[in-house]
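Below: the structure, in structure tokens.
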There are 2 protein chains.
Amino acid sequence: MKPSLWNTLYKLSLLLTQEKSLKTSTTRLSDKFGLAQQTVSRHLIILERLGLIERHVTVKGEEIKITTKGLDELRNVYFRLKSIFEGISETFIFEGRLFSGIGEAAYYMSLKTYRDQFIEKLGFDPYPGTLNLKLLSTSDVIAKKELEAHLGIEIESFKDKKRTYGSAKCFKAKINDKIDGAVVIVDRSHYNDSVLEVIAPVYIREKLSLKDGNIVRVETFAKTD
Amino acid sequence: MKPSLWNTLYKLSLLLTQEKSLKTSTTRLSDKFGLAQQTVSRHLIILERLGLIERHVTVKGEEIKITTKGLDELRNVYFRLKSIFEGISETFIFEGRLFSGIGEAAYYMSLKTYRDQFIEKLGFDPYPGTLNLKLLSTSDVIAKKELEAHLGIEIESFKDKKRTYGSAKCFKAKINDKIDGAVVIVDRSHYNDSVLEVIAPVYIREKLSLKDGNIVRVETFAKTD
DNA sequence: ATTACTAATATCCGAGTAG
DNA sequence: TCTACTCGGATATTAGTAA
């Protein structure tokens, strides 16, 4: 997302206050934003196409509302700035329903470059495969975004002859108050925001006698410095 | 400040974490920021000129530190986003040392357009003149910035044949726990951030028997919706 | 390696204006 | 009035290099 667009979204949010919609015109906004009417119009069109705002355009003006996706975009910056200015350690607690993935993670985790990094940076040799948890509440999904904004343990990307392997970020975690492991947030995951991927030095499913559908509790520890 | 520059400052802050300095190179940064090395170089030059960062450039790389001014720039956005996402009422308490201004404020406050707005929006006809308080601690200065990010009572700008008269933002306030008045934050004030300007329907100095140098306590109430 | 200049290119903005 | 199109000019970015 282009900085100038983000700026327009941000300034919109300052006028909208709370999830209410705003009835205004591009001319009035251009005045407030210090941009030309045409520029505001163009920005609004793009923001709408990106799904960040919703509009109801009439010949007399328009009504604008920031979508959940748009708010997420802003919240992400908010959380990152928060972790800078209120730089304190925080504990995040998640609850999710266990489900089976397609076993892809096991392949990636067995790659030497990744595995060596896990051992070096997390201090354990992870069991190949992740425990996938579907987060149950939106507050957990938002908390995950906040966690993501914190500094974690960085797993670096690398490439071989064929392709590039993406980066990831880990946070030490405790699973069901028993097992020490880590939450892995993959940069370009095929899962969406509502899925938490957990790794540990042991096979968690077996150790905790878990089956698909079980609720699992994960406590993570984020430090900001 | 241009959005693209703000973006670079913001991304820098994510790497710097806490007021530490960062030893890196424009190439490494260009990688992280998704910009060309030349663009990063140019941005850093401009940010430095604006006094938002400090650099120590060598032929082997450079060391970057975000200045107080730069952090303020980021904090401002942080506070505004905070008031959106944590939209709650807040009380701010300031303590400042009374000093005499040049009496300019009295002139402005006597202008009909301003005065009418004060009466309508604040509910009182202000004594012409402001009580100027020099804030004593940096935490108070930061609190003032946070207050500024909240929604206040807007006093609109206007123009006559000669010039434009700027806008301002007010927050209801209680002075020394006795007098009800308001804090006025003038958009382009000739005072800096460490000065708080207070108005009231009465002549505060007299009512509270205040003299230059006295410490005055101001409690303000900010609502976010 | 670096940083950062100059010049070419890509992108963005806003004046004019249609609908 | 309004939104939003086209298009020329402004601005920002990047490629090619020098130091």
Side-chain angles (χ1 to χ4, degrees), chain A residues 1-16 20-67 70 73 77 156 158-159, chain B residues 1-16 20-67 70 73-74 77 156 159:
Chain A
M1 184 178 187
K2 298 262 164 62
S4 63
L5 271 185
W6 190 91
N7 192 253
T8 298
L9 181 65
Y10 164 69
K11 286 190 174 151
L12 267 179
S13 78
L14 298 180
L15 300 175
L16 280 156
K20 291 170 210 149
S21 66
L22 176 70
K23 212 170 150 1
T24 184
S25 77
T26 50
T27 315
R28 259 199 296 273
L29 290 176
S30 75
D31 225 42
K32 300 229 181 212
F33 296 174
L35 293 169
Q37 175 274 125
Q38 297 89 330
T39 306
V40 173
S41 171
R42 198 161 34 77
H43 280 195
L44 293 181
I45 291 168
I46 301 170
L47 287 172
E48 186 178 29
R49 281 205 197 119
L50 292 172
L52 301 172
I53 63 170
E54 270 166 21
R55 303 196 299 155
H56 188 81
V57 183
T58 70
V59 74
K60 307 254 318 170
E62 56 191 284
E63 205 170 335
I64 305 171
K65 194 173 180 301
I66 300 181
T67 63
E73 203 73 42
V77 174
E156 280 155 42
F158 65 95
K159 45 182 136 182
Chain B
M1 183 179 188
K2 297 261 164 65
S4 63
L5 270 184
W6 191 90
N7 192 253
T8 298
L9 180 65
Y10 164 68
K11 286 189 174 154
L12 267 178
S13 78
L14 298 181
L15 300 175
L16 279 155
K20 292 170 209 150
S21 65
L22 176 70
K23 215 174 149 354
T24 185
S25 78
T26 50
T27 315
R28 258 198 296 274
L29 290 176
S30 74
D31 225 42
K32 300 228 183 212
F33 296 176
L35 294 168
Q37 175 275 126
Q38 295 89 333
T39 306
V40 174
S41 171
R42 192 166 39 79
H43 281 194
L44 293 181
I45 290 168
I46 301 170
L47 287 172
E48 186 179 29
R49 282 206 196 118
L50 292 171
L52 302 172
I53 64 170
E54 269 166 22
R55 303 195 300 156
H56 187 80
V57 183
T58 71
V59 75
K60 307 255 314 171
E62 56 191 283
E63 204 170 336
I64 306 170
K65 194 172 180 300
I66 299 182
T67 63
E73 203 73 43
L74 295 164
V77 175
E156 279 154 44
K159 45 182 138 181

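Computed over heavy atoms, backbone and side chain alike; hydrogens, waters and symmetry mates excluded.
Contacts between residues 2-10 of chain A and DNA chain C, counted as heavy-atom distances below 4.0 Å, involve Lys2(A), Ser4(A). Within residues 36-43 of chain A, the residues approaching DNA chain C are Ala36(A), Gln38(A), Thr39(A), Arg42(A), His43(A), by heavy-atom distance under 4.0 Å.
Considering every non-hydrogen atom in both Leu15(B) and Phe33(B), the closest pair reads CD1-CE2, 3.9 Å. The heavy-atom pair separating Leu47(A) from Leu12(A) by the smallest distance is CD1-CD1, 4.3 Å. Closest heavy-atom contact between Val77(B) and Tyr10(A): CA-OH, 3.6 Å. The two residues Ser30(A) and Thr27(A) make their nearest non-hydrogen contact at OG-O, 2.6 Å.
Leu47(B) has its CG atom 13 Å from the P atom of dA12(D), to the nearest Å. In this structure, the CD1 atom of Ile46(B) is 15 Å from the C1' atom of dT3(C), given to the nearest Å. Counting to the nearest Å, the P atom of dT3(D) and the CD1 atom of Ile64(A) are 9 Å from each other. For the pair Phe33(A) CZ and dC12(C) P, the interatomic distance rounds to 18 Å; values are reported in whole Å. Note: NZ (Lys23(B)) to P (dA1(C)) measures 16 Å, nearest angstrom. The interatomic distance linking Lys60(A) (NZ) with dG19(C) (C1') rounds to 17 Å, in whole Å.
Rounding to the nearest 0.5 angstrom, the gap separating the OG1 atom in Thr26(B) from the CG atom in Leu35(B) is 11.5 Å. Remark: Ser13(A) OG to Glu73(A) CD distance equals 12.0 Å, nearest 0.5 Å. Interatomic distance, His43(B) NE2 to Ile53(B) CD1, rounded to the nearest 0.5 Å: 11.0 Å. Atoms CG and CG, from Leu14(A) and Leu9(A) in turn, are 10.0 Å apart once rounded to the nearest 0.5 Å. Rounding to the nearest 0.5 Å gives a distance of 7.5 Å between OG1 of Thr8(B) and CG of Leu44(B). Going from atom NZ of Lys65(A) over to atom NE2 of His56(A) covers 14.0 Å, rounded to the nearest 0.5 Å.
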*For DNA chain D, what is the dot-bracket line, given that a base pair needs Watson-Crick (N1 to N3, plus N6-O4 or O6-N4) or G-U wobble (N1-O2 and O6-N3) geometry with both distances under 3.5 Å, and | means paired with another strand?*
.||||||||||||||||||

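Among the nucleotides dG14(C), dT3(D), dC5(C), the one closest to the side chain of Leu35(A) is dG14(C).
Across all strands shown, Arg55(B) has heavy atoms under 4.0 Å from sugar-phosphate atoms exclusively, and none from any base. Across all strands, Ile45(A) comes closer than 4.0 Å only to sugar-phosphate atoms, never to a base (heavy-atom distances).
In terms of position on DNA chain D, the residue among Gly34(B) and Val57(A) whose nearest nucleotide sits closer to the 5' end is Val57(A).
A distance-only check finds a donor-acceptor pair linking the side chain of Thr67(A) to the backbone of Gly51(A) [under 3.5 Å].
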